[in-house]
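Before any comments, here is the structure.
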Amino acid sequence: MEMTDYIYFDNAATTALDPLVKDAMTPFMTFNYANASGTYHDASLARSAINKARAQAAALIGAEPDEIIFTSCGTESDNLALYGTAMAHFSRDKRFNAVSDTIEHPAVYNTLDALKKAGFIKLARVSPDKDGFITPGAVEEAVRSQVKTKRDDASGQTKDNGIISVMSANNEIGSINDIAGIGSVAAEYGYLLHTDAVQSFGHVLLDVDVMGVDMLSASAHKLGGPKGIGLLYLRRGTKIVPTMYGGGQEHGLRSGTENVAGIVGFGEACRLAGIRMSADTRYIHELRDRLVSRILNEIPDTILTGPQLPDMGDKRLPGHCSFAFKGVQGSSLVIGLDIRNICASTGAACSAAANRPSRVLKEIGVAADHFNGSLRLTLSRNNTIEEVDRTVDAVKACVTQLREMFGDD
Ligand code: PLP
């Protein structure tokens, strides 16, 4: 893709590789191709580079380096967290309790379905409120349907009653959940807490102790890093078993020769995110607010799905804009924008590919006449105000054209 000709507004699907990340990775894709498990000089350089990246990733979320497990992607991290703890806690006479919600990414949603089907877990799912938040109150109610009483102080540290898995931020509607509030519920009832932070990691401040999470999943390609590398933050002492076996890399939890270049790139992306986050957020908020207000003001019968602006601006991912247009097919809109060299999506990249209706929009109660008209525009530090204006004009033209072609009146 010639990025000079294109406007790229699909940063929730993936981001461009940052040039500094590419520079950090290049030596490990060219002259130093050593296996980090080797005993010669270049291998020890590769091992040191992995250790540095582990420390960079840990620093971004207030963790210790030995609590970071590198995996191949966010999906694998979610699977390891959920399968690994369910298998570690399951016994023949007792399934492990699990509480999650109805708007998780398929990497969590489908994994929990599979664990339930295989008989490993007893699953309760909570619904979001109309803005797309999973509230601590709703999670507590679901936990209480599984265990009736809170843990007393003496056993408060033991987290063997079950697992809660609630995403840090939603990929389709940008809602940022109160994970710290859910963390209090997890601690009170002796549940482990996992959060899928693939969308928020590197974009909003996350601290594993403040949130009280035991596990957190992230993926490099959502923050200017390469594809094919993810991580699982795993709190020390968490009871878990590996889901794949082999040479015992990554503390025995993720066997397989390390993707040194990918890990180094992820580390550099974390370092850059830590330095740039507040300035980038201010800049991206400016673009986002202009884009949202122009679209809502200039295109009738349009809603912003998820948290509303300006009131809930901080509870929405910085560059995330998602709309629903009455009487328009989102997929036609995306094609119309593509013809005008603008990359956008109807929602999640994976459900768009399968052309399935959005589970998330249904769950937050988007009206039937708006339901098929979803459009997600997700911005990054690489975008400009001129691109915002060109895109709004293009969306306006496409929506008008589609309504003229297919409208009832
Ligand atoms: N979880 C969420 C919330 C996501 O948005 C995504 C990707 O879009 C994933 C998990 C999967 O991450 P990966 O593409 O690294 O497997």
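All values derive from a computational prediction rather than experimental measurement. First listed ligand is number 1; within each ligand, the first listed atom is number 1.
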- Number the atoms of ligand 1 from 1 as they appear, then name those within less than 4.0 Å of a heavy atom of S219, with their elements. 13 (P), 15 (O)
- K117 NZ: over 12 foreign heavy atoms closer than 6.0 Å: no
- Query: Checking R376 against F9: charged group under 6.0 Å from the ring centre and within 45 degrees of the axis?
  - Reply: no
- Please state which part of K227 comes within less than 4.0 Å of ligand 1, counting heavy atoms only: side chain, backbone, both or neither. neither
- Salt bridge check: are D389 and R290 linked by an N-O gap of less than 4.0 Å? yes
- Query: For the residue pair R294 and D393, what are the closest heavy atoms and their distance?
  - Reply: NH2-OD1, 2.8 Å
- Message: Please determine whether the number of non-hydrogen atoms from other residues, nucleotides or ligands lying under 6.0 Å from atom CZ of R47 exceeds 12.
- Response: yes
- Message: For the 3.5 Å polar cut-off, considering only N or O atoms, please tell me whether H221 and ligand 1 meet it.
- Response: yes
- Task: Please could you name the atoms of ligand 1 that N171 approaches to less than 4.0 Å, counting only its heavy atoms?
- Result: 3 (C), 5 (O)
- Message: What I want to know is whether A13 and ligand 1 share at least one N or O pair that is separated by under 3.5 angstrom.
- Response: no
- Proximity of T75 to ligand 1 by residue part, where a heavy atom lies under 4.0 Å: both
- Task: Kindly state whether the ring of F120 and the ring of F90 have centres lying under 6.0 angstrom apart.
- Result: yes
- Message: Out of all atoms in ligand 1, which are within 4.0 Å of some heavy atom of D196? Include the element for each.
- Response: 1 (N), 2 (C), 3 (C), 10 (C)
- Just let me know how K222 lines up against ligand 1, side chain, backbone, both or neither, with a heavy-atom cut-off below 4.0 Å. side chain
